[in-house]
Number of protein chains: 2
Amino acid sequence: MITLSEENYLKCIYRLGQDKGQKITPTAIADSLGNNPASVVDMIRKLTEKQLIIYDKKKGVELTAQGQKDATLIVRKHRLWEVFLLEKLGYHWDEIHDIAEELEHIKDDSLADRLDKFLGFPEYDPHGDPIPKANGKMPKRYSTTLADVKAGGFCRVAAVKDTTSSFLQYLQKLDISIGTKIQLIEKISFDGSLVISINGAEHKTVSQKFGESLLIDI
Amino acid sequence: MITLSEENYLKCIYRLGQDKGQKITPTAIADSLGNNPASVVDMIRKLTEKQLIIYDKKKGVELTAQGQKDATLIVRKHRLWEVFLLEKLGYHWDEIHDIAEELEHIKDDSLADRLDKFLGFPEYDPHGDPIPKANGKMPKRYSTTLADVKAGGFCRVAAVKDTTSSFLQYLQKLDISIGTKIQLIEKISFDGSLVISINGAEHKTVSQKFGESLLIDI
DNA sequence: AATAAAAATTAGCCTTACCTAATTTTTATT
DNA sequence: AATAAAAATTAGGTAAGGCTAATTTTTATT
Ligand SMILES: [Mn+2]
Ligand SMILES: [Mn+2]
Ligand SMILES: [Mn+2]
Ligand SMILES: [Mn+2]
C-alpha cells in the first residue's frame, strides 16, 4: 500500500520531470513540497525500497515504470476531479486545486474511469492541463508562453502554468480564461513587460513573469 | 483542525448514540472501530481537550454541541457521496460505503451544500439512511424491522440496518431493494425464521437475523 | 462481604512523517 | 590546487495514532 505522503512525493517527482533535461535533486523536491531536505532524503529511501523511484547521484531521482504509472494515475484523478468541481459543483477556477489535492488520493480501482466517463472524457482540466487517458496516453501539452510570442502576433490562451489563487484571480480580473484571444502589441525591452490586447480590447501592460505563466496556442 | 482519526471517532460515537439509552463506553467504541481499548482511552483524552466530547464514568461518552455538529456534517457528507457514487458513477449498492468512508473526510466549507444541490437535495442515501439537512435537521428514520411485522402483514423496504457486502449482495440475489413490497406470510416460532413473499412472488424463508436487519415502513 | 470477571487505565513501545542541527560530500570560484 | 559555498546526508527528536502487557478499578456472582 502506498501512503498519502508517498503519493504526494511521486506526483511531485513526476511534475519536476516534466521540465525535461533538469536533474531532480533532493533540494528541488524539498523546495517544491515545502519540506526539509532531510525529510526528502528519508522519503527517497522509502520510495527506492518500494521500487517506485531510482536515485543516482549523477542522474538524480527518476521514476521507475511502476512509479510513473502510479504518478500518472494520481495526476489523472486530480485533473478529473477538478473538472467535476468546476463543471458539476460550480466552483471557481481558483478554488478547485486545493480540493482536488485531497480528492486525488481517494482509492478505488474503477473510480478514475467512472469519473472520466461521467464527465464525458474531457481532454484538459480547467487550467488547460492535459488529463492522462486510462491507457496512460496524454493529450498534447502546450509549452509556448505568451512571453514567446513575437510583437504583433496573435494567440489563444491554452493553459496556465501557475495555479495559485493570486494568479487565477488576476486573470479573472483581466477577463482572461482558457480560449481567450490575445494580441501581443509590444515587448518592452527594459524589463520584458508585455503590452497586450485582450479579445481586441484596449491595450494593457503585464509583467514578464505574467507572460511566462500563460501557456498559449498560436 | 480536526484529524481524520478524530473524525472517525466522532462519527462512531455519533452512531453509537443512535441506540438511545445505551451508555457509550470505551469498549463499545473499541469494538465498533476495531481498535484497542487503550487507544480509545488516548483518543477520549484528546477529544475531551478539544471540547468535542464529555466523558463521565457514570454517563459514558457524550458529544458536546460542537461534537454533535461536526459528527452530523461527516455523516451528511458520507451519505451525499454515497448517493453520488450510486446515481452518477453507477456503482452498486455494496461498493459505495467504503469509498464514501474516504470521501466524507474531504474538507471544504461549501462542498456538502454544493453536492446536496447537485444531487437534488436527496432525503435518504442508497441504504435508506436519512441525510442530515444543511441546518442539521434529519428526515424521519425508520426503526421497525421486518421481524416486527405480524404474520399476514404487508410492508415496504425502507432501509437496511446492516451495510455489509454480504448482506447487500444477498438482498440483491433475493431481488430486494429500497421500496420493495414484502408480505410476511409466517413466523416460525422455533427459530424466528420468516416466510415472506417478495413483490407477490413465491414464498421464501429467511432467518430472524435477516428480518432484524431490514428496516420497513408499514 | 468475598471473590471472580470484566472494563478501564497506565506504562512502555512502534511506525510514519515530519523537524533542527551537525557533518560530510560535491560543486564553484579564485 | 585551495578554498568557499552549496547540497546532501546523518543523528537525534517530536507528535499522531496505533499496539501489547500489566495494573487498577468497577461490576457481578456466589
Ligand atoms: Mn495531494
Ligand atoms: Mn489543474
Ligand atoms: Mn471515515
Ligand atoms: Mn449508507
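Within every chain, numbering begins at 1; the chains are lettered A, B, ... in the order of the sequence lines, protein sequences first and strands thereafter.
Comparing Ala38(A) and Ser5(B) by the nucleotide of DNA chain D whose heavy atom lies nearest to each, the residue mapping closer to the 5' end is Ala38(A). When each of Thr3(A) and Lys57(A) is assigned the nucleotide of DNA chain C bearing its nearest heavy atom, the one mapping closer to the 5' terminus is Thr3(A).
Nucleic acid contact for Ser39(A): base, since at least one base atom lies under 4.0 Å from a heavy atom of the residue. The residue Gly34(A) sits close only to the backbone: its heavy atoms come under 4.0 Å of sugar-phosphate atoms, none of a base.
A cation-pi arrangement, defined by a distance under 6.0 Å to the six-membered ring centre and an angle within 45 degrees of its axis, is present between Arg114(B) and Tyr91(A). Figure legend: cation-pi geometry between Lys88(A) and Phe118(A), with NZ or CZ positioned under 6.0 Å from the six-membered ring centre and within 45° of its axis.
Proximity note for Lys46(B) (side chain, C-beta onward) versus dA16(D), dT20(D), dA17(C): the nearest is dA16(D). Comparing dA17(C), dC19(C), dA16(D) against the side chain of Met43(A) picks out dA17(C) as the nearest.
A salt bridge links Glu6(A) with Lys50(A); the closest basic N to acidic carboxylate O contact falls under 4.0 Å.
Smallest separation of non-hydrogen atoms from Lys133(A) and Pro139(A): CE-CG, 4.4 Å.
As the counterpart of dT27(C), dA4(D) is assigned, both hydrogen-bonding distances of the Watson-Crick or G-U wobble pattern falling under 3.5 Å. Summarising the base pairing, dA17(C) is matched to dT14(D) through a Watson-Crick or G-U wobble pair whose two defining distances lie under 3.5 Å. Judged by Watson-Crick or G-U wobble contacts below 3.5 Å, the nucleotide dT9(D) has dA22(C) as its partner.
One atom, CD1 of Ile29(B), and another, P of dG18(D), lie 13 Å apart when rounded to the nearest Å. Atom CD of Glu6(A) and atom C1' of dT15(C) are 12 Å apart (whole Å). Between the OH atom of Tyr9(B) and the C1' atom of dA16(D) there is a distance of 12 Å, rounded to whole Å. If you take NZ of Lys58(A) and C1' of dT25(C), they are 13 Å apart, rounded to a whole angstrom. One interatomic measurement links the two molecules: CG of Leu4(B) to P of dA15(D), which rounds to 21 Å at whole-angstrom precision. In this entry the distance linking CE of Met1(A) with C1' of dG18(D) reads 16 Å, nearest Å. Residue Glu49(B) contributes atom CD, which lies 13 Å from atom C1' of dA16(D) at whole-angstrom precision. Atom CG of Asn36(A) is separated from atom C1' of dA17(C) by 12 Å (rounded to the nearest Å).
At a cut-off of 3.5 Å, with distance as the only test, no side-chain donor of Asp70(B) or Tyr14(B) sits close to an acceptor on the other residue.
Between the side chain of Asp42(A) and the base of dC18(C), at least one donor-acceptor pair of N or O atoms lies under 3.5 Å.
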